Structures are given as structure tokens and as C-alpha cells.
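Everything on this sheet refers to the single structure shown next.
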Amino acid sequence: MKIIMLGAPGAGKGTQAIMISEKYGIPHISTGDIFRANIKNGTELGKKAREYMDQGLLVPDELTCDLVVDRISRDDCSKGYILDGFPRTIPQAQALDRALERMETSIDYAIDVDVPDENIVNRMSGRRACPGCGATYHVMFRAPKTEGICDECGEKLIVRADDQPETVQKRLTVYHDQTQPLIDYYDKKGILKTVDGTKHVDEVFGDITAILGE
Ligand code: AP5
Ligand code: MG
């Protein structure tokens, strides 16, 4: 099963992708997580990506597409995967389509987690992220068992650098300009599924599993 998660920054793509990955046993591939891991490790890619991410801008396609195509070509992706945060532009979607064609396969579902902008800024100010394993929490909606500590790996939780309100606004603008057109792109291919992302995390997951099957 090959799935793309669509949705605004903070819509809950990562939260749902991790749950889908566990239930269906397919890898969760988040370009945002890959870039953040590179920043943490001080790689050349991390240095370049950071210039854009800290401003709420997209990392250029040429730094992004090959990385994803390489990742989905690995053995653990043979039964499927969830792409979270990729594609984010029409050129990225076209590059993915060309790669999938070469691999003689295609995406099964593009799931749009729909949340209006008004809800997003509030959500982002309460998000806490684990720099160790990538788990995501919210101080009100999804609190960790011990405040400030990751349930999964025990690392200290952080506020992401791009979760400041001004940067979130910029990310939303970039989303509407460059990423939202993908909703139409996948609708035309007949694989778009929209879920209401304003519901409780577990209800959203229930709606997604109803689409994907048990
Ligand atoms: P990325 O890491 O992908 O960030 P994003 O798309 O902005 O999305 P987020 O991770 O912020 O939100 P999410 O939808 O995953 O929500 P989450 O589950 O955390 O990208 C970061 C940056 O990297 C980009 O800005 C760009 O610079 C660069 N980048 C990445 N991919 C790129 C690409 N392909 N091309 C170019 N550049 C790229 O949830 C948010 C919060 O809400 C959490 O606190 C969570 O606990 C809470 N929450 C989740 N669901 C619910 C719910 N149902 N009810 C209440 N709270 C909820
Ligand atoms: Mg995410």
C-alpha cells in the first residue's frame, strides 16, 4: 500500500502517518524528519535545508526529489510506504510520477487531512517534538505521560524552530500557494481521499482506516 499524506502544516499528517505505519507495517517517510535529522547531524544537506526551513520556506526541489526517490527504492519499501510532507509542489509530484513509472508502480491513496487555518496556529504553539525518535505531542491534545519527556524513547521534548507564530503564518501562505494545488492533481487521478482533521486524533485515524481497510 503506497500512501501520500497531504495537508497544511500542523494538520496532523505526522501524527496519523506514524499510526498508519504501525498498523499496516509500512515505513513512514517524512521529508521534514529527514531534513531535521540532517540538521542535527550537521551534514551539508542539513546546512542547506536549514536556510529555508527556519524561514518557513520550502527546501528547493533539487535537494528533495532525488532523496525521496532513493528512499522509496530501498528494500523495506517493497510492500509500500507512507510519504509525509512529500510531494509539496507540482514539480515534485511530477518527479515522483516519473520515478514510479520507471518502477512500474503507482500511489494507491492520497489522503488530505483537512484543517482550516484558524485551528493551525493554536495547534502549533502547543506542539512538542522528540528530536530522538520523531514522535509528536501536544501540551493539551496529546500530552506525554511525563511533562517534557518522550514516552517512546525518554528524550527531552523540544519546540520546533519553525513553530514560532510568524513562521507558521509564512508556512501556511507557502502551503496555499505551492502545496494546495496537489489536492486537485490527485483528485484528477482519482486517488484523493479527504478526512476531517479537526476531529480527535483517534477519530481521524478511524476515518483513515475505514478508507484503507482493516
Ligand atoms: P514538515 O516537517 O513536513 O512540516 P509541515 O508540513 O509544516 O507539517 P508539520 O510537521 O508541521 O505538521 P503535521 O501535519 O505533521 O502535524 P503533526 O502531526 O505534527 O516540514 C518542515 C519544513 O521542511 C517545511 O516547512 C520545509 O521547509 C521543509 N520540507 C519538508 N518537506 C519538504 C518538501 N517535500 N519540499 C520542500 N521542503 C520541504 O501535528 C501538529 C500538532 O497538532 C501536534 O502537536 C499534534 O500533537 C497535534 N495534533 C495532531 N492531530 C490532532 C488532532 N486531530 N486534534 C488536535 N491536535 C492534533
Ligand atoms: Mg509533520
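Bear in mind that the values here come from a model prediction, so they are computed numbers and not experimental data. As the structure lists them, so they are numbered: ligands from 1, and atoms in each ligand from 1.
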[atom] - nearest protein heavy atom and its distance:
| atom | answer |
| --- | --- |
| atom 31 (N) of ligand 1 | Thr31 OG1, 2.7 Å |
| atom 35 (N) of ligand 1 | Gln92 NE2, 2.9 Å |
| atom 43 (C) of ligand 1 | Thr136 CG2, 3.5 Å |
| atom 34 (N) of ligand 1 | Gly85 O, 2.8 Å |
| atom 16 (O) of ligand 1 | Gly12 N, 3.2 Å |
| atom 53 (N) of ligand 1 | Lys199 O, 2.8 Å |

Do any nitrogen or oxygen atoms of [X] come within less than 3.5 Å of a nitrogen or oxygen of ligand 1?
| X | value |
| --- | --- |
| Asp33 | no |
| Asp163 | no |
| Pro87 | no |
| Gly14 | yes |
| Leu57 | yes |

### Message
Tell me whether ligand 1 is touched by Gly10 - counting only heavy atoms on the residue side and a distance under 4.0 Å.
### Response
yes
### Task
Work out whether the distance between some heavy atom of Gly7 and some atom of ligand 1 is less than 4.0 Å.
no
Which is it for [X] and ligand 1 at heavy atoms under 4.0 Å: side chain, backbone, both or neither?
| X | answer |
| --- | --- |
| Tyr175 | neither |
| Ser30 | neither |
| Val59 | both |
| Val68 | neither |

Evaluate the side-chain proximity of [Y] to [X]: yes if any heavy-atom separation is below 4.5 Å, no if none is.
| X | Y | value |
| --- | --- | --- |
| Pro131 | Arg36 | no |
| Ile183 | Leu192 | yes |
| Ile3 | Ile26 | yes |
| Lys189 | Ser106 | no |
| Pro144 | Asp151 | yes |
| Arg171 | Ile120 | no |
| Asp202 | Met19 | yes |

### Query
Is the NZ atom of Lys23 crowded by more than 12 outside heavy atoms at less than 6.0 Å?
yes
Between [options], flag the one that comes closest to [atom] by a heavy atom.
| atom | options | result |
| --- | --- | --- |
| atom 5 (P) of ligand 1 | Arg50, Arg142, Arg88, Arg127 | Arg88 |
| atom 21 (C) of ligand 1 | Glu203, Arg160, His200 | Arg160 |
| atom 54 (N) of ligand 1 | Arg123, Arg36, Lys170 | Arg123 |

### Task
Would you kindly say whether Thr105 and Lys2 are connected by a side-chain donor-acceptor distance under 3.5 Å?
yes
### Polar contact flag, side-chain donor to acceptor under 3.5 angstrom, Asp117-His176
yes
Which ligand 1 atoms does [X] reach within 4.0 Å, using its non-hydrogen atoms?
| X | value |
| --- | --- |
| Gly197 | 53 (N) |
| Phe86 | 34 (N) |
| Phe141 | 55 (C), 56 (N) |
| Met53 | 22 (C), 23 (O), 27 (O), 28 (C) |

### Task
Measure from the side-chain N and O atoms of Asn38 to the backbone N and O of Thr43, and report whether any donor-acceptor pair falls under 3.5 Å.
no
### Task
Calculate, to the nearest 0.5 Å, the distance between atoms OH and CD1 belonging to Tyr109 and Ile82 respectively.
13.0 Å
### Message
Exactly one of Val174, Asp61, Thr179, Thr64 should register a side-chain contact (heavy atoms from CB on, under 4.5 Å) with Arg88. Which one does?
### Response
Thr179
### Message
I'd like to know if Ile107 and Ile90 are part of one continuous hydrophobic network [Ile/Leu/Val/Met/Phe/Trp/Tyr, side-chain heavy atoms within less than 4.5 Å].
### Response
yes
